[in-house]
Each structure stands twice: as C-alpha cells, then as structure tokens.
Amino acid sequence: MNLYHFTSASLAHTVLSDCLSKGNLDLPNRGMLRGVVWFTTLPYPEGSGVPTEARKISSSEAEYAKRVQGELRNDFTADKSKIRLCVDSKNLSSFEIVEGHPSGLISYPNFCDLMKIPREWVKIVGLSALYDLNALSDDELQRLISDTNSSTENTWYLHFGPVKPELISAVDFKIGKDYVSYDFDRHGRQAMSDLGFECISGDAHQRLLEFLKPGHHHDFVHSAIVCADPLGFKMATIRGLCNSCYVDIEKAEIVGLHRDDPNYPRRDVQEWIMQNIDELNRCWVAAVERFYKFFPEKRPK
C-alpha cells in the first residue's frame, strides 16, 4: 500500500537529508504526542489538512503554533502540498507498544480506538482538515458529523518514530493539480526561492557536485541560504551524503554537521567554501532581499 506525506520544498530537503519525524498528534483535553509522522492513502492533498497555498495563518493556527513551538516564529505558512513523498507501507514496522511508548505504523482510527478517544472527537478532527469549523453553525456541524462521507480521516495513518529517507520511494512536485517527478533544478530552485531560500548556482553548484555525493537516490546535493534576521548570523547550509553542513559565511568556515560522520569530506567542503565565498555572499544578499519581501515593515527607512 502506498502512503503519501505532503510537505513544502524547503522542508522536503530537510527530510531527505535526515528523516521524517517532526509531526504532532493532538489528543483530547489539549494533550499532544510528538515525533509522529502523518500519512494518507490519498494521492492528493485535499482532506489531509495540509495548507495548499502560501498564506498568513489564522488566529487559531497561530495559537496552535505557540502550543507546538512554544512561540510564534512567524505568521506565514508555506504551501505544504508542493512536495509529495511516497512510502510503501510494507517497508514500515508494524505498530507495537515498546516500553510504554507507541512505535510503528497504525491507521489513525485504529489508534484512536486503542486510546479510547471518543469517535465524535475523531470525526471533528477529520472535518477540520476540510472545513473551517469556526465558520459552521451548530446545525451544519452536526449534519457533517452524522455524514459518514463528509471527511477522510479513515485514510490517515500514523507512524510513531522516524522514517528513514532511504524508505521514500518517490518524490513528486505539484504543478497545477497534478504531480510530476521532482527535479531540483527544474522545480526546487524556484520553489525554495519563493519561500526565501537562495540556492547557490552555476560553477559553484557544479563544483560541489564533484565531491559531495547523494547519500541515497533522493538526496539532492545543494547549498542554500535563508535570512531570519538581516543583522544576525550569516549561515549557509550544504546538504548531501544524508547530512547537513552548517557554514559561517563571514568566517568562511564550517561550524558543524547535523550528524557526526568521520567520513564526511570536511577538507573538500572547506576548500569549496573558500573558493566560492563570493557566491555565498551573493546568496546572502539575495536572501536578505527575500526577507524584506516577507517583512517589508522591517526594512530600514
């Protein structure tokens, strides 16, 4: 059985160089389980609950973000239907309770039954993926709750624990309402730029590809810069070999790896940084401009 996970272009590259792992599962009475990966058997995002356009978040979404993150980092959400990741369920471990903690794959309704979560609450969660519940009257909500075909939560699956990127069988990109096989140069660069990420290009990118190789079939080697604060730390991220390398642009040096790897080509990467510091600085300047497009009120007068 094919399972699908939808996400944005920038988050997809994080997943493909690390793993799928950072979802959350709401429980009644404002409880929450973390480290849950959401899947659906539906090949299209409608009914999954993911944002299908870039937009400002609502007040209720802002409150939820504060619950999850501890703070509101920004009031913007990306189109999280841009990238579709596919995983074959037979490659995922079956559900079990290990030392009191859930592990593996289970359907959302079955997990809720196991946890004795009221079915009406489960139905309302399913409806929230399709409707703005605050905009419904009590009668409209009750009618939808009574309609067995008004929501798609029966297509949802949960995986407790990380899903390795090697298990992802396909990476697809949304064009219009359809999906095509993802290509970084044809699709990724522009999609990431739209989100504020400036990717290195030209000779600098080609030289990176000469020594930094993909760690698996869908590991796209690249380097990107995003600006969170024009006056803050100037950092570039280099992805490849199933790892992320963090670079201090001002000092032109590596400051760390996401995952320790004694075989990582640090010397080659450091040499590449020195040879391509002008391109990294160009990307930083472009990323700053992207920042001001998202936050024009913060541009100096």
Side-chain angles (χ1 to χ4, degrees), residues 1-23 37-54 77-92 105 129 152 155-157 159 162-226 237-245 258 283:
M1 176 176 61
N2 283 338
L3 297 174
Y4 301 96
H5 179 91
F6 298 94
T7 189
S8 67
S10 59
L11 290 176
H13 283 284
T14 301
V15 167
L16 295 170
S17 65
D18 185 13
C19 65
L20 262 172
S21 65
K22 298 193 181 293
V37 180
W38 287 83
F39 290 106
T40 176
T41 57
L42 298 176
Y44 294 95
E46 289 75 18
S48 67
V50 301
T52 56
E53 61 180 353
T77 182
D79 179 350
K80 292 186 178 176
S81 65
K82 270 293 185 185
I83 299 289
R84 182 180 68 185
L85 307 176
C86 180
V87 175
D88 190 330
S89 63
K90 70 182 180 183
N91 294 324
L92 299 175
L105 182 71
T152 60
T155 69
W156 299 351
Y157 280 76
H159 187 273
V163 175
K164 295 180 179 180
E166 295 90 337
L167 298 181
I168 296 171
S169 58
V171 180
D172 298 313
F173 183 78
K174 185 175 72 173
I175 297 179
K177 293 187 176 181
D178 293 321
Y179 284 86
V180 299
S181 183
Y182 178 71
D183 179 270
F184 175 71
D185 287 313
R186 281 188 292 152
H187 310 126
R189 288 185 179 278
Q190 186 59 54
M192 292 183 70
S193 181
D194 291 343
L195 297 173
F197 291 78
E198 189 68 20
C199 297
I200 62 158
S201 59
D203 291 342
H205 180 63
Q206 292 303 316
R207 283 195 288 268
L208 187 65
L209 297 177
E210 290 174 3
F211 63 86
L212 193 61
K213 302 302 180 182
H216 57 86
H217 183 60
H218 297 299
D219 186 15
F220 299 95
V221 176
H222 70 287
S223 178
I225 295 170
V226 64
T237 301
I238 302 172
R239 300 196 190 279
L241 282 176
C242 282
N243 213 335
S244 297
C245 176
H258 176 71
C283 290

Decide side chain to side chain contact (heavy atoms under 4.5 Å, CB included) for Val15 and Thr7; before the verdict, give the C-alpha distance in whole Å, the side-chain angles of both, and the deciding distance to 0.1 Å. CA-CA 10 Å; Val15 167; Thr7 189; 5.5 Å; no

Contact list for residues 204-222, test side-chain hydrogen bond (donor to acceptor under 3.5 Å, both in side chains), sequence neighbours left out: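 As it turns out, the side-chain hydrogen bond (donor to acceptor under 3.5 Å, both in side chains) pairs with a partner in residues 204-222, which skip direct neighbours, are Arg207-Asn276.
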
Check the surroundings of atom CG in Asp203: do more than 12 heavy atoms from other residues, nucleotides or ligands lie under 6.0 Å from it?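 Count not over threshold, so no.
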
Nearest heavy-atom pair of [X] and [Y]: which atoms, and what distance?
X	Y	answer
Ser89	Leu3	CB-CD1, 3.8 Å
Val180	Ile175	CG2-CD1, 3.7 Å
His5	Trp38	ND1-O, 2.7 Å

Drop me the distance from [X]'s [atom1] to [Y]'s [atom2], to the nearest 0.5 angstrom.
X	Y	atom1	atom2	answer
Phe6	Tyr179	CZ	OH	4.5 Å
Ser244	Asp18	OG	CG	7.0 Å
Leu16	Ile83	CG	CD1	8.5 Å
Met192	Lys82	CE	NZ	14.0 Å
Ile168	Cys19	CD1	SG	9.5 Å
Lys90	Leu105	NZ	CG	14.5 Å

Taking Ser48 for its side chain and Pro45 for its backbone only, find out whether a donor-acceptor pair lies under 3.5 Å.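 The answer is yes, because a donor-acceptor pair under 3.5 Å joins these two groups.
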
Among all residues two or more places apart in sequence or in another chain, which pass the ring pair (Phe, Tyr, Trp, His ring centres under 6.0 Å) test with Tyr182?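 Ring pair (Phe, Tyr, Trp, His ring centres under 6.0 Å) check on Tyr182 returns His13, Phe220.
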
Partners of Lys174 by salt bridge (charged side-chain N to carboxylate O under 4.0 Å, His left out), sequence neighbours excluded?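 For Lys174, the residues satisfying salt bridge (charged side-chain N to carboxylate O under 4.0 Å, His left out) (neighbours in sequence not counted) are Asp79.
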
